[in-house]
Each structure stands twice: as C-alpha cells, then as structure tokens.
Number of protein chains: 2
Amino acid sequence: MNRFKDLLTRSGVKLTHQRMEIYCEVMRASDHPDAETVYKRVRKRIPTISLDTVYRTIWLLMDLVLITTLDYPRERMRFDANMTPHHHFICASCGIVRDFYSEQFDNLKIPDTVKMLGSVERTQVELRGLCSNCTKRKVG
Amino acid sequence: MNRFKDLLTRSGVKLTHQRMEIYCEVMRASDHPDAETVYKRVRKRIPTISLDTVYRTIWLLMDLVLITTLDYPRERMRFDANMTPHHHFICASCGIVRDFYSEQFDNLKIPDTVKMLGSVERTQVELRGLCSNCTKRKVG
DNA sequence: CTACATGCAAAGGGTTTGCACGACA
DNA sequence: TGTCGTGCAAACCCTTTGCATGTAG
C-alpha cells in the first residue's frame, strides 16, 4: 500500500480516496472482476463514486503497471480458424498476435493443483513482449 | 472444405455462400482479424453481405468449434491486480478464471522461432477445460 | 491557489436483435 | 414449399468523453 502511494506520488498523480479504494478492491478480489463489479463493491464505501471514475482509474493503474487485463490489449474481438495446437506471441505495444508451434508447449505437464480445479482440454502459451518492428521504432 | 460442408450439413445448418466465404476468409487470414476486417474482405466477393451476418456466422462457427476467439469467453473486460508470475485455468463453460502458480511454467524455454519475432517479457500459460462445478452440472 | 480528479449525462462504437424478404433443401 | 438465413436498421450495452464542480498538493 505504501508502494502504491509512493508510485502515484512519483508519477505526479494525485492520491485520492477513490483511487485507493479502487486499487484495494481489485487487489482484494480473486475473481478477476469487471469494471461494473468493482464499481458495485467500491460503492459500498464511497456511495457517490461513478462508474467512469472506476474506468479512468483502472486505465491509470494499467499505465502504472499495477494491474493488468485478462484480455488482449483493449480491442475488439478477434478470431482464429487455426484449430491445430499452437501458441501466441503478443506484442504489448502494437497488439499484433503471431502464431507459433512448439511440441514442448503442447505437452506441458499439468500441475496437480490444476487437476483439482477441473479437466484440461487445451493448453496454450502466451508470450508477451515487443515485436521486432516495435523494438526498432523505439530505438530509432 | 469438404469437412466444412459435411459438418454444416450434419449439424442441420444450411450451407450458404455467405457462410462459405466467411469461413474461407477467416481460414485464409493469418492476422487474427476482427469482425469488421472479415466483413471488408468478404465484401469484395459478396458486396451485399452485411456485418451482422458476419457476426452471426462467426458465432455459429464457434459453436461448431471451427474457429475460436483470441479473447476470453464473450464478456466484458476483466481485471487482475496479481502482478506476480501466475497462470490461468479457464472454464470453457462458465468462464471462471482461476489463478495458479508453477515455477515450471514461469521458466519455459523460449523457442528460437519466437526469439526472431521479438523479445519476450512475460510468459503465461492458459489451460482451458471444464471446471469441477460445470463437470458436475453436466453429469447431474 | 491551481492543476488535476470527479460526477454527471450524453456520446461513441462494437455487437446484437426484430422483422420482412430471400434462398437453401 | 417450408424453414432457415440474410439484410437492413434500430436497439443494446459497455466504455469513453465534455464540462462544470470539487479537492489534493
């Protein structure tokens, strides 16, 4: 929590109680809540908070790398007709997604802790980073 | 393509040229297009096609497990303040996402083919299947 | 004090739906 | 020929934005 305050201050961003409550709420949650859910929960403590403050704060926290999205970079839905086992390299900057193949990744040993959660039908590895194009662009 | 026709017929679904073109287009694409992009491309061959037919066909193809989404199950955006390395178990039926930890998965050896695509900063494994709740529900 | 954050309400944009017409089987 | 699929346009819903007010630093 102190780390949170420091980071906000050092980033030149104001420390409001809305921001603190929203961050706490997402931290506390283990169910990967959506914006609406965060909003409802935070409203128990700050009844006057608005949904758009939740959104604005969430994007702020993402810029500060304090939280992430479960989904791919903020985008519309994208589709894939490649139904053979494959994996994804995702560029964090431009959002491009490249398929790649790896027998090693196709056959990962499923941890016992996961077997208790349910049955696994598909294994997919996601590697995130900077694609070579975006790397060049940042250097140049 | 014959497999496609068979599957549609066996599913009691009509084989229209719109459906064929949309499936072909998603098959052919290697860039994980969104609905709008598929729409634009298919329109070159069927100028009168409409965007909502693209959407309806895409959901149909997903039900037939002929294509997938890059994203998590059709949903709103969800957030995660767990910034320590972790992985996800996703239930294909109810959409619940459970975190789990695995040092093996944290330290996967990156294939050389990926190193040529760009630099990897984060490795995350996604295991999809049926959670124990949904398994029970289907059996019961 | 002053710039930045918030709340409200309205706009935006991707996706879905109702309905009448058209086309596969 | 009957049923299902399509196109159109409007509805829907999540998310974003503009603006006046409030507040942290």
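It should be emphasised that the depicted structure is a prediction, and the values quoted were computed from it without experimental measurement. We name chains A, B, ... by the order of the sequence lines, and we start the count at 1 in each one.
For the pair B:Leu51 CG and D:dG5 C1', the interatomic distance rounds to 16 Å; values are reported in whole Å. In this structure, CG of A:Leu60 is placed 8 Å from P of C:dT6, rounded to the nearest angstrom. The OH-P distance, from A:Tyr39 to C:dT6, rounds to 14 Å in whole Å. Remark: P of C:dT16 and CG of B:Asp63 are 12 Å apart, rounded to the nearest angstrom. With rounding to whole Å, B:Ile58 atom CD1 is found 13 Å from C:dT16 atom C1'. Residue A:Ile46 contributes atom CD1, which lies 7 Å from atom P of C:dG7 at whole-angstrom precision. At whole-Å resolution of the value, CG in B:Leu8 and P in C:dA25 are 9 Å apart. Nucleotide D:dG5 holds its P atom 18 Å from the CD atom of B:Glu21, rounded to whole Å.
For the pair A:Val38 and A:Tyr23, the minimum side-chain heavy-atom distance is 4.5 Å or more. For the pair A:Pro33/B:Arg78, no side-chain contact is recorded, criterion being any heavy-atom separation below 4.5 Å from C-beta on.
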Show the distances under 3.5 angstrom between N or O atoms of the protein and N or O atoms of nucleotides 10-14 of chain C.
unit_1 : atom_1 : unit_2  : atom_2 : d
C:dG14 : OP1    : A:Arg76 : NH2    : 2.5

Close N or O pairs between protein and nucleotides 22-25 of chain D (under 3.5 Å):
unit_1 : atom_1 : unit_2  : atom_2 : d
D:dA24 : N3     : A:Lys14 : NZ     : 3.4
D:dG25 : OP1    : A:Leu15 : N      : 3.2

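For the atom pair B:Glu25 CD and B:Thr37 OG1, the distance stands at 10.0 Å (nearest 0.5 Å).
At a cut-off of 3.5 angstrom, counting only N and O atoms as typed in the model, there is no donor on one side facing an acceptor on the other between the side-chain of A:Asp34 and the base of D:dC14.
As judged by a 4.0 angstrom heavy-atom cut-off over every strand, A:Ile49 is placed among residues touching the sugar-phosphate backbone only.
Because its NZ or CZ atom is both nearer than 6.0 Å to the ring centre of A:Tyr39 and within 45° of the ring axis, A:Arg43 counts as a cation-pi partner of that residue.
Residues B:Ala35 and B:Val54 share a closest heavy-atom pair of O-CG1, 3.8 Å. The nearest pair of heavy atoms linking A:Cys91 to A:Cys131 is SG-N, 3.4 Å. Closest approach of B:His87 and B:Thr123 over heavy atoms only: CE1-O, 3.7 Å.
Using a 4.0 Å cut-off, no side-chain N or O of B:Gln18 falls inside it from OP1 or OP2 of C:dC24. OP1 or OP2 of D:dT6 has not a single side-chain nitrogen or oxygen of B:Ser50 nearer than 4.0 Å. Listed pair B:Arg56 / D:dT6 fails the phosphate criterion, with no side-chain N or O lying under 4.0 Å from OP1 or OP2.
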Apply side-chain contact (heavy atoms from CB on, under 4.5 Å) to A:Met20 and A:Phe4, showing your working. CA-CA 8 Å; A:Met20 277 182 46; A:Phe4 172 74; 3.6 Å; yes
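With DNA chain D read from its 5' end, the first of the two nearest nucleotides for B:Asp52 and A:Ala35 is the one closest to B:Asp52.
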Side-chain donor/acceptor pairs under 3.5 Å, residues 110-120 of chain A, sequence neighbours excluded:
none

